[in-house]
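As C-alpha cells, the structure follows; a few thoughts come after it.
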Amino acid sequence: MTERRYDPKTIEPKWQEIWARERTWEVSNEPDEREKSYVLEMLPYPSGEPHIGHLKNYALGDAIAHFHRRTGCRVLHPMGYDAFGLPAENNAIITGVHPREATNRSIAAYRHWFHRWGISIDWSREFATHEPTYYRWTQWIFLRMLERGLAYRKEAAVKWCPHDATVLANEQVIDGHCERCGALVEVRQLEQWFFRITDYADRLLDDLDGIDWPEYVKTMQRNWIGRSKGAEVAFRCEELGIDYPVFTTRPDTLFGATFFVMAPEHPDVFRLVAGTEHEYAAHEYVNRSLNESVQERGDAEKPKTGVALGRTVTNPVNGEQIPMYVSDYVLMEYGTGAIMAVPAHDERDFSFAQAFGLPIRRVVGTDEALPYTGDGPMIHSSPRFDGMHNRDAYEAIVAWLDVEAKGHPSVSYRLRDWLLSRQRYWGCPIPIVYCEGCGIVPVPDEDLPVELPEIEDYHPKGRSPLATAEDWVNTTCPSCGGPARRETDTMDTFVDSSWYFLRYCDARNDEAAWDPEVLSRWMPVDQYIGGVEHAILHLMYARFFVKALADMGLVDVQEPFKALFTQGMIIGADGNKMSSSKGNVVAPASIVDRYGADAARGYVLFIGPPDQDAAWSDTGVDGVERFLARLWRLGDGFAHDTAGLEPAAPAPAEQPPEPEGAALTLVRKANWAIEKVTGDMTGRFAFNTAIAAIMELVNEVYRHPDADPAARRFATATAASLVFPFAPHLGAEVYEMLTGRRVWEEPWPAADQTMLRAETFMLVCQINGKVRDRVEASTGAPRDELEQLCLEAPNVRARLDGQEVVKVIVVPDKLVNVVVR
RNA sequence: GCGGGCGUGGCGGAAUUGGUAGACGCGCCGGCCUUAGGAGCCGGUGGGCCCAGGCCCUUGGGGGUUCAAGUCCCUCCGCCCGCACCA
C-alpha cells in the first residue's frame, strides 16, 4: 500500500488539463453585467526559458486576476510574446539558426511553462509580435502616424552603437553606453525615421497626475520629459546682421551675461569664422567635438574647452557687445543650440569663464560665493530692476522684452523625438518605398503587411542586412508604377510593444487592428505589472501611442495603464543579482520539478513585499511546500477518512451555526483570515502577509484536532478557497476533496462580521507607558470600567502604592495607561 | 552634487490610523512517534539579570515632541535606486 501524500506531480497536471480542455480562462468580448477588469503583466521577450523573475511577475498578475474573477469581475488576462529583437539576430549571426526558428522555439518553451505554472491565461488571444498577422497592424499604425505628421524622416546627429551596428533612441543610451550591449555610443549625422513624441510632451507630463503609478516612476518620467519654463531672447550679431535666439530659464540674470556660446553643431559656426583668423581653430575644435563619444562629451567634470569665434553679439537688455565662443558644453538638440552665458549665476558658465579669463558680473546680490544659483535682490541690472526680488524681475524683464520684440516666454523640453529606425534585420519592416519620381511613398494599406524577406547573411554592415535582399528591395512605386526601392531599416522593437495591449482586446480581428467598440469594453488596462527597467522606455512610448491613437479617434482612453505595479527583483541567495557568471541562478524549471508549481509560486509571493527585491532561499521554498502539504493533508483527512473524522462523501463546508469552544475559535480564525486576506489584496498587494494569514488558519486547525468536524471542515475549506489565487492547483484540489465543487466558480468568501469580534479581549494595563499587566475585559466596555479594571490589576495595584495618579488614558478595547508622578 | 527609498532577532520579514515590537516562514534547541528519520506532530527560541514572581535593555547613532514613538520632528551615519554640462 502506498502512502497517501501531497503530490503536486499528479494534482497539478490534473487541473491544468481541466482548465485547458474547458478553456476556463477565456473571456468573451460581449459585455455582461459584471464589471470588467484588464489585468496584464508586461509581455515577455522569449529567450531560452523563462527565469525566476518571470515566475514572480506572472504569479503576481495571476493572483490579481483570480481575485478579481472571484470578486465578480469579467477578467481579461491574456499572453503574448515580444518576438522581434537583437538577441535572436545576434545569435543567428553566430549559429546560422534563423531568428524566427530560434524565437519560435523559445516561444514554445515559454508557453509550455506558463501552462505548467498554471497561470490563468486566455489562450484564445495569444500572439507574437513577429507574426505577419500582428506586424501588419504595426505597419498600419506607422502609416497612420505618417499621415498625421507624427512619423517623419530627418537628418540629425543621432546615437550610434558600434557593437550592435544600429542607431539608438535617446532613451536607449545610458550614461553614454548602449542600453542593450553596454558599448560606448558614438554620434553620427544620419537621416532616420522619428516619431514626433515631443508634440505630446505636455500631455505626457500633465496626465501623469491622473494615473495610479508609483510616485518614483512618475518622477523618472517627469525628469525625462524635463519641461523648463523660461524665455527666448534674441542676441544680434551686428557684423553679420543675424539674430541668434537663446533659451534661458533665468531671464532675470540677463544683465549678467558676459559672453555667448554656440554648440559645435550649430550651422552658423563656420559662417561666423569664414575667412577670419579664427577659422582654422574653430574648424579643428568642431571636428574634434563631433568625434567625441557621447560619454566624453557629456562629462560635466571635464574641464571646459572651446574657441573664440572673433565675433560679438549685442545683449538686448543693455546693448553690450559680448564675445562669441563655440564650446561642446552647449548642445545643439536643446533649446536653440546657443546660450547666453551668465558666469556669476551658472556653474557651467562659471567654469568656462574661469578657464578663459572672462568677466564675471554678479547681478543677484547676496553674500554667497559665486557661482550663486539661488534667489536674492537684483543688482547691476539698471535702475529699472535693481532692488527688485529676482523672481519679480524675471517676470518684469520677460514682459519688457516681449514689448520690445526682443524676446518672449518660452518652454523647453529635455525629451527628444523618438528615433525608431534600426539598421537590423529582425524587426518590423517600415512600410515605405523610395521612388525617384515620387520620393517617399507609403505602402498602401491593402498591400500590408510588407513581409520580412529571407536573407542569407545577418551581419550588419552599417546598413540594414535587408539591403542585400535585392529581389525584395527592388519594387515598383505604388504611386507611379515606376521602379522604386524599399526602406531597408526596420522598426525599434519598442514600437511593437507600444500597442500590443490594444491588440489583445480584439486579437483575432483580420479586418482591422481592432474594433474601437470592442476596445472600449476593455481599455484601459486596470492593473499593469512589470519591472522598473521599463519606467521610461516602454511605459512612455506606450503612453505616447495611446494618446496619438486617441487623437485619431481609434482609442477612447488617454492613458493605457490606469494602475502600475513595479515588482522587485529576486536576487541570488548570495545577495547578488542572478547571473550565470556568478553561478547563483535559480531556474524555475528545477524548482517546479522538485516542489511543484504551487510551492514555487507560493514562495515567490511569500518571500517579502512584492515591490521589493528579495534574496532567494531554498529553505524558504521548503517552508511553503510544508504549509501546502499540511493543508493538503487536512483535506485528505476529510476525503478519505484517514483521521476518522467524517464520511468520504463531499458536502458543502459551510460555517456551522452557533459554534462553541474550539469550534468557535476555528470559525473566528477562519473569518479573521478572510478579512485579512481580502484586505491585503484590495488596494495593496500584500501577498506575503495574506499567505501568512492562511498559514495561521491552517495552524489553528492543527491545534484543535478534537474540535467539531463541521468547524474544521469550514476552516479547511476556507483556507483552500483563500489560497487558490496563490496556489491554484492545491486550492482547487483541497476544495474539491471537501465539497466536490470547483473553487474558481465560488464567489470570494465574505467574512461574517459577527465572528470578527470576540466578547472579551486582553486589556493592556500600562503605568507611564510601560506594560505592567494584562487582564480580561469585555469588548465594548465603557471607559470608566476599563480604568477600574486596570487600577485593580494585581501588578498595577502593587506598583501604584503611594504614587500619585496624575491622569488615566483609556483607549477602548485596547489599553489603559496610568500616568503617575 | 540634486531627488527618492530603505535601515527591526542568527536570516527573510510583520506591526494598515502614534497604542502589547518581533505575526508568518527559515534556522536552531527540546520532546513525541518510529527499526530508522533529511517524514510527520507538539513545544521553545531578541539580549541581559533573576530570590522564578518578575526586573532592566532593545527597531542604524544622537537629540526632541507625546500619557504613549519602529511609526511624528531635528540631526548624523550607512546601504540602494534615479538624475546629473538640458542653459
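Throughout, a chain's letter reflects where its sequence line sits, starting with A, and its residues are numbered from 1.
Comparing the same atom, C1', in B/C72 and in B/U66 gives a spacing of 10 Å after rounding to whole Å. If you take atom C1' in B/A21 and the same atom in B/C32, they sit 33 Å apart, rounded to whole Å. With C1' as the reference atom, B/U71 and B/C81 are 24 Å apart, rounded to whole Å. As rounded to the nearest Å, B/G9 and B/G48 have P atoms that lie 15 Å from one another.
For the pair A/Lys807 and B/U66, the criterion of a side-chain N or O lying under 4.0 Å from OP1 or OP2 is not met. Proximity of A/Asn688 to the phosphate of B/A14: a side-chain N or O atom is located under 4.0 Å from OP1 or OP2. The shortest distance between the side-chain N/O atoms of A/Arg414 and the OP1/OP2 oxygens of B/C83 is not below 4.0 Å.
Taking only distance into account, the side chain of A/Asn223 never meets the base of B/C83 through a donor-acceptor pair shorter than 3.5 Å. If you check distances only, the side chain of A/Lys676 does reach the base of B/U16 with a donor-acceptor pair under 3.5 Å.
Using a 3.5 Å distance cut-off with no hydrogens or angles, the side chains of A/Asp813 and A/Thr779 do not pair a donor with an acceptor.
One can place CG of A/Asp611 at 16 Å from P of B/U16, the figure rounded to the nearest angstrom. Atom pair A/Ile571:CD1 and B/C11:C1' shows a separation of 13 Å (rounding to whole Å applied). Here the P atom of nucleotide B/G5 and the CE atom of A/Met569 are 20 Å apart, to the nearest Å. Distance A/Gln221 CD to B/C83 P: 12 Å, rounded to the nearest Å. The nearest whole Å value for the distance from the CD atom in A/Glu179 to the C1' atom in B/G82 is 15 Å. For the pair A/Glu696 CD and B/A14 P, the interatomic distance rounds to 14 Å; values are reported in whole Å. When rounded to the nearest whole Å, the span between CZ of A/Arg774 and C1' of B/G19 equals 13 Å. Atom pair A/Lys304:NZ and B/C85:P shows a separation of 9 Å (rounding to whole Å applied).
The residue A/Tyr413 sits apart from the nucleic acid: no heavy atom pair falls under 4.0 Å.
Note: A/Glu700 CD to A/Arg712 CZ = 11.0 Å, rounded to the nearest 0.5 Å.
Across all strands shown, B/C26 forms a Watson-Crick or G-U wobble pair with B/G10, both key distances being under 3.5 Å.
Across A/Asp622, A/Val698, A/Leu730, a single residue satisfies side chain to side chain contact (heavy atoms under 4.5 Å, CB included) together with A/Phe627, and that is A/Val698.
Judged by a 6.0 Å distance limit and a 45° cone about the ring axis, A/Lys304 is positioned over the six-membered ring of A/Tyr329.
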